[in-house]
Amino acid sequence: MSPLRARKPEPDEICAEAVDLARAAVVELAGASHVGDHVGADADADRVVTHLFDCLDPAYRGWRWAVTLTRASRAKTATVAESVLLPGPESILSPEWVPWRERLRPGDVGVGDILPTAADDERLVPVAFLAGDDGVEDIGELAAIVASLAEPLAGNPAVAANLVPPQRRVLSPVGRDETGMRWYASEHGPKSPLAHAAPGVCAGCGFFVRLGGPLGSVFGVCANAFAPDDGRVVSVDHGCGAHSEALLPVSADQPPPVIDELGYDLMDLPGVSVDETVFEALDHN
């Protein structure tokens, strides 16, 4: 058995021939200068036909006016059901709308901007989840992933073979203190405009990863891809609008608008001036 096919309705003769009626409807809506040639008619249903006219408005190049006519059963004339402006096959359309969270890119958050995180953000988990041995296992998995992404260094076989000897020298207390002062006084410290406008400090942010050693008491690394300091060393009292616990500012409730339903405005009309009009009192018998 062949599959059932929906029957395409035949154009109603009366509605299809009422091109002038359809044009008059769209001219009344948009003006004669914005209505072009009749480009066709489609049967939408029994006794329902939509006429298409070119739109001459420069702002809607390629669009078409669509006027739907219908006719009651046994009626001899058609009536206008709807007039709308629709895009045509060559019309200029705006880009498909994308939610702002999908449009956001690293570096878009600036001074004073707030980027709240969702309650179910997969990049964050409660602190209790990291208790026990799970954190150690996660570090091992991360090391394996990083090792798989690293490309062998052809120019240094020792590094590629993981035969690099341990450090022979490390930061002295003088070098450590100078580094700490330099970082703290930089734009990644507490005195930057970004930190002053932040809703919270980095020490309370879930994306803040503390450094090891003595510097870890004051500094950590930002791990938020959308934050301006992603991958950079920041102080515990630094901050930005991409804080993990940031909330959108709540605007004060606006009072409802006052609508005057009793008063009225006097307006000049062609041939009638308000200043020259004599108004009679309404309290006479």
Side-chain angles (χ1 to χ4, degrees), residues 94-143 145-146 149-150 170-255:
S94 60
E96 184 178 356
W97 184 83
V98 179
W100 69 270
R101 280 192 173 276
E102 298 179 18
R103 298 196 304 268
L104 198 65
R105 293 294 180 267
D108 288 348
V109 179
V111 178
D113 295 335
I114 302 296
L115 177 62
T117 55
D120 57 350
D121 194 320
E122 62 180 7
R123 300 174 299 168
L124 300 169
V125 295
V127 177
F129 276 67
L130 299 181
D133 298 334
D134 293 341
V136 178
E137 295 176 358
D138 291 342
I139 292 297
E141 294 177 2
L142 176 61
I145 294 174
V146 172
L149 296 177
V170 295
L171 275 176
S172 67
V174 174
R176 179 198 62 201
D177 293 346
E178 289 180 350
T179 300
M181 295 297 294
R182 185 174 66 254
W183 286 352
Y184 200 77
S186 71
E187 59 181 6
H188 310 299
K191 296 183 179 180
S192 67
L194 190 68
H196 279 291
V201 296
C202 292
C205 179
F207 296 105
F208 180 73
V209 182
R210 284 188 179 271
L211 295 179
L215 289 174
S217 61
V218 184
F219 300 102
V221 177
C222 176
N224 189 343
F226 299 102
D229 298 308
D230 177 45
R232 295 180 174 89
V233 174
V234 293
S235 65
V236 294
D237 46 1
H238 183 64
C240 72
H243 196 284
S244 64
E245 311 307 317
L247 298 176
L248 285 175
V250 180
S251 59
D253 294 336
Q254 297 292 333

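Residues: numbered from 1 along the sequence shown.
Residues satisfying the salt bridge (Lys or Arg N to Asp or Glu O under 4.0 Å) criterion with Arg123, sequence neighbours excluded, are Asp121. In this view, Val170 and Gln167 satisfy the side chain to side chain contact (heavy atoms under 4.5 Å, CB included) rule, not counting sequence neighbours. Judged as a side chain to side chain contact (heavy atoms under 4.5 Å, CB included), and not counting sequence neighbours, the contacts of Arg105 are Asp108.
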Determine all donor-acceptor pairs shorter than 3.5 Å in which one atom belongs to a side chain in residues 206-214; sequence neighbours excluded.
residue: Arg210; atom: NH1; partner: Gly216; partner atom: O; Å: 2.9

What side-chain donor-acceptor pairs closer than 3.5 Å can you find for residues 193-202, not counting sequence neighbours?
none

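Within the structure, ring-ring contact (aromatic ring centres under 6.0 Å, His included) pairs that include any residue of residues 224-245 do not occur (at least two apart or interchain). Annotation: side chain to side chain donor-acceptor pair (under 3.5 Å) contacts involving residues 176-187, sequence neighbours excluded, comprise Tyr184-Asp237.
Between the side chain of Asp229 and the main chain of Val234, no donor-acceptor pair closer than 3.5 Å is present.
Expressed to the nearest 0.5 Å, how far CG of Asn224 lies from OG1 of Thr117 amounts to 8.5 Å.
Contact between Ser244 and Gly204 at its shortest, heavy atoms only, is OG-O, 4.2 Å.
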